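Structure first, then comments.
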Amino acid sequence: MSNNEEILQFKEFSSFVNISFWHELAQMKLDVFKLSDKEVPINAYYSYSQAAQLDPYLCLEYNAFQPSSLDIKDLSLDKEQRPLLFKAPPKSLISNGILYNFNTKEDFKNTSKAKKLFEDLTKTIYADILSGAAEEDPSKLCQFLLMTFADIKNHNFYYMFGIPALSFSTPITTVGACQPLGSFFNENQLQSFKSGVQSLISSTSGVFVVKKSTSDQSTVELGKLNEWNKFYPNVADDAEVPIVAFCDPCNLPSNPGWPLRNLLYLLAVRHKVSKLNVICLRDQKGSLVDNSIVLTVHLPTETSTAGVADPNIIPKSVGWEKDANGKILPKSVSLASTMDPLKLAEQSV
Amino acid sequence: KTVEKVTPTLSTSKFLDEGVLTPEEFVQAGDLLTHMCPTWTWESGDPSRNVNFLPKEKQFLLTRNVPCYSRVKSLENESRASISDILQLEGEDDEEWVAPKSGNPDGVIEQDLQKDMSGLKVSQSNNTTTTTTTKPTTIDNTKPTSDDDDEDEDGDIPDMEDFQDDNLVEDDPSTLKSNQQTNNNNNNNNNSNNNVSLESSTGNANSNSSVGDDDNILRTRTYDISITYDKYYQTPRVWLFGYDENRKPLKPEEIFEDISEDHAHKTVTIDSHPHLGISFAYIHPCRHASVMKKLITKQSENGKEPRVDQYLFLFLKFISVVIPTIEYDFTLEFDT
């Protein structure tokens with residue numbers, strides 16, 4: 001690390017579990033899961049257009065159990081009978097998750113099990129990176145784990161979130177200060193970038209490969225992550241510093257949000273990227289680019305001497321949700337005020 | 001509820017005469033709102049609670065995570081003045097659709113508005129006792145749990161004190177530390193249940209939003225606001241659900257802190273949300289139509305053609321009198 005390089009720090013997600021999710025979970029526990037504590041796919045979303053000064057949130061709502069895509073069984077049904085699909089709100093991206101709802105407090109508190117589940121998800125993400133699946137669908141880079149214990153009788157819910165981020169053996173560093181997007185691109189390039197990005201967000205899961213056009217100074221080329229090799233075929237030769245853009249849930253002036261971590265890991269492992277410009281797209285006050293920032297980062301080399309990542313060596317990962325003291329502890333919420341019949345009766349005017 | 005079942009759905013437009021909406025007009029107005037203000041979305045809700053007079057995908061409107069930086073108490077004195085300011089500001093712009101200034105001498109609007117509001121207040125206190133009952137649908141759902149739920153011992157709140165475990169430790173230089181310091185003499189939580197101790201933390205859980213030491217992140221309450229169609233009153237109905245600075249659901253009495261004093265406990269009560277089945281605070285719609293009628297009349301007196309698809313913009317402007325500190329989006333940014 002030279003003098004002008006600093007460790008890049010990522011802002012973690014905070015979980016924001018809507019009360020409607022707990023109601024839905026209580027219902028599912030009674031009607032569907034019963035005593036099963038098998039994994040259940042759920043869907044959350046995060047916004048890259050949060051009111052300024054709000055933390056980056058991973059949100060769960062009543063529709064978390066709706067599937068994010070139809071499987072073959074559903075497709076054979078009449079249109080009317082197919083399940084509703086999970087839809088992220090506008091200016092948000094979907095994050096797929098796995099729910100483990102435990103039957104007992106003791107199971108829930110069994111941290112060696114929690115550790116195992118977190119490692120399993122880390123392996124899944126790592127495998128998706130190596131296989132290229134995450135390049136086809138970058139939403140695979142941002143997956144989460146939710147462990148719950150629903151004490152339905154007392155309307156108490158206990159939960160822990162884990163959003164695994166693969167870590168490099170040495171930290172990622174920034175080169176120089178971050179800059180506003182407006183000074184990274186000239187006026188014409190900015191226009192070109194703007195018009196391209198909007199239409200592509202949903203089909204790219206908010207991750208873009210970006211290249212300033214070589215033929216003229218006024219256009220920017222945009223592509224999906226799986227088009228990387230088309231954009232930067234010779235990145236190892238260090239000819240030019242590649243650019244990626246991602247939809248950033250974070251609003252801090254010089255720190256990116258959590259989803260960038262696994263993306264950078266992918267670029268280092270799959271494409272041997274060592275230096276990179278990252279556009280953190282932040283949609284604030286109706287503008288997608290005015291508040292966006294650009295970071296120049298230095299990625300450590302994460303491959304063996306043979307130049308290939310070893311699929312058997314699972315990288316370290318971090319990402320358990322912490323409390324304000326930085327401790328990894330379960331959270332709890334009491335919904336007696338909206339579930340307990342006695343309390344409800346008291347509140348009615 | 002029973003009355004609602006036998007009330008026929010309004011089919012002919014009475015928007016101009018009575019300030020009410022048909023379900024089709026509600027959809028029209030909602031379409032414009034979601035189009036102009038993308039923070040508002042149409043939601044389908046719980047499919048088993050769908051109403052058949054609205055499209056399956058357009059059962060109610062929702063806006064999420066709306067910041068609410070201060071409590072009403074702190075601006076109660078200014079609130080009325082600021083509302084009339086808003087109305088008057090609009091009036092100065094000829095392109096705007098509420099133009100109180102052009103036709104009326106200053107102050108009339110304010111008086112009118114106050115009259116409207118006081119009307120709301122009085123009739124409300126008569127009405128609420130009879131018309132609103134909390135109908136906790138969730139009771140039925142939760143009752144059978146007690147039988148099912150066998151792992152649980154006599155009401156003890158399970159304790160996570162012994163949770164701490166070396167299995168889960170992260171020391172990662174690349175993770176931004178939240179620089180929030182603990183604030184152990186936490187005054188806000190001493191009246192809440194024992195769970196709080198589990199949650200440790202709750203650094204800045206004072207009722208005022210405050211800025212964390214270093215990270216410059218403002219901790220503030222947020223609200224989810226939803227608008228449903230009320231078949232009995234033939235108007236929109238507004239539902240509020242709040243979260244505190246630590247993303248914990250607000251208790252009803254805390255929600256009342258964000259409702260102007262004239263309306264808290266009078267116009268606002270708790271009931272089960274028709275499409276989610278969860279208890280929410282809502283603004284009672286019994287006077288919505290007559291207030292809307294007044295606003296519409298005023299609009300036409302000022303030579304503006306009232307448009308039914310703009311109903312919700314007008315409506316939300318009026319609702320902001322009730323919840324002045326919740327900063328939801330209702331700006332109308334197009335030529336009329």
Side-chain angles (χ1 to χ4, degrees), chain A residues 7-12 14-16 18-20 23 26-27 30 50-51 53-55 57 62 84 89-91 103-105 109 111-112 114-115 151-154 156 158 167 171-172 252 255 318 320 323-335 337-339 341 344-345 347-349, chain B residues 38 41 44 46-47 64-65 67 128-129 132-134 136 138-139 141-142 144-146 148-149 151-152 155 157-158 160 163 165 167-170 172-178 180 182 193 195 198-203 215-218 224 241 247-249 251-252 265 269-270 276-279:
Chain A
I7 293 179
L8 177 63
Q9 292 194 314
F10 299 82
K11 176 72 180 168
E12 290 177 281
S14 305
S15 65
F16 186 2
N18 195 293
I19 186 170
S20 58
H23 280 259
Q27 278 302 303
L30 294 174
Q50 200 118 258
Q53 298 186 299
L54 285 187
D55 272 334
Y57 292 124
Y62 69 94
L84 281 171
K91 301 188 178 179
N103 282 309
T104 63
K105 194 175 56 182
K109 286 199 289 189
T111 50
S112 54
K115 194 179 176 193
D151 176 4
I152 300 181
K153 193 168 155 193
N154 296 306
N156 282 324
Y158 300 88
S167 359
I172 301 163
L252 295 171
N255 299 88
V318 293
W320 283 108
D323 67 13
N325 297 320
K327 274 197 189 129
I328 300 170
L329 273 181
K331 293 183 154 195
S332 75
V333 58
S334 165
L335 293 191
S337 69
T338 71
M339 282 182 168
L344 286 173
Q347 285 150 13
S348 59
V349 180
Chain B
T41 54
S44 47
D46 179 351
R64 298 169 172 86
N65 295 358
T128 33
T129 37
T132 63
T133 43
T134 305
T138 40
I139 292 178
N141 303 336
T142 43
T145 54
S146 3
D148 248 48
D149 187 53
E151 69 265 20
D152 195 75
I157 293 167
M160 295 293 160
F163 174 81
D165 193 297
N167 274 331
L168 305 179
V169 176
E170 288 179 2
D172 176 42
S174 300
T175 303
L176 185 68
K177 304 284 176 294
S178 70
Q180 273 210 270
T182 356
N193 51 35
N195 292 356
L198 303 175
E199 249 279 61
S200 71
S201 84
T202 55
D215 57 5
N216 208 28
I217 290 274
L218 194 68
D224 290 351
F241 205 92
R247 303 305 115 201
K248 290 196 171 250
K251 296 185 190 57
H265 294 287
T269 43
I270 315 285
L276 298 172
I278 302 165
S279 292

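Each chain gets a letter, A, B and so on, in the order the sequences are listed, and its residues count up from 1. Computed from a predicted structure; not experimentally measured.
Of the listed residues A:Ser14, A:Ser167, A:Pro90, the one with more heavy-atom pairs under 4.5 angstrom with chain B than any other is A:Pro90. Here A:Val318 is the residue among A:Asn255, A:Leu335, A:Val318 with the most heavy-atom pairs under 4.5 Å with chain B.
Among residues two or more places apart in sequence or in another chain, the side-chain hydrogen bond (donor to acceptor under 3.5 Å, both in side chains) test is passed with B:Thr41 by B:Glu43, B:Arg64. Considering only residues two or more places apart in sequence or on other chains, A:Phe16 meets the ring-ring contact (aromatic ring centres under 6.0 Å, His included) condition with A:Tyr57, B:Tyr243.
Contact of B:Pro67 with chain A is made through the side chain alone, with heavy-atom distances under 4.5 Å. The part of A:Leu8 that comes within reach of chain B is its backbone (N, CA, C, O), which places non-hydrogen atoms under 4.5 angstrom from that chain. At a 4.5 Å heavy-atom cutoff, the contact between A:Ser15 and chain B is made by backbone atoms alone. Proximity to chain B (any heavy atom under 4.5 Å) is restricted, for A:Tyr62, to the side chain, taken from C-beta onward.
In this structure, A:Lys153 and A:Asp151 have side chains that are in contact, with non-hydrogen atoms separated by less than 4.5 Å.
Between A:Lys11 and A:Asp55 there is a salt bridge, since at least one side-chain N of the basic residue sits less than 4.0 Å from a carboxylate O of the acidic one.
Closest approach of A:Gln9 and B:Thr175 over heavy atoms only: NE2-O, 3.6 Å.
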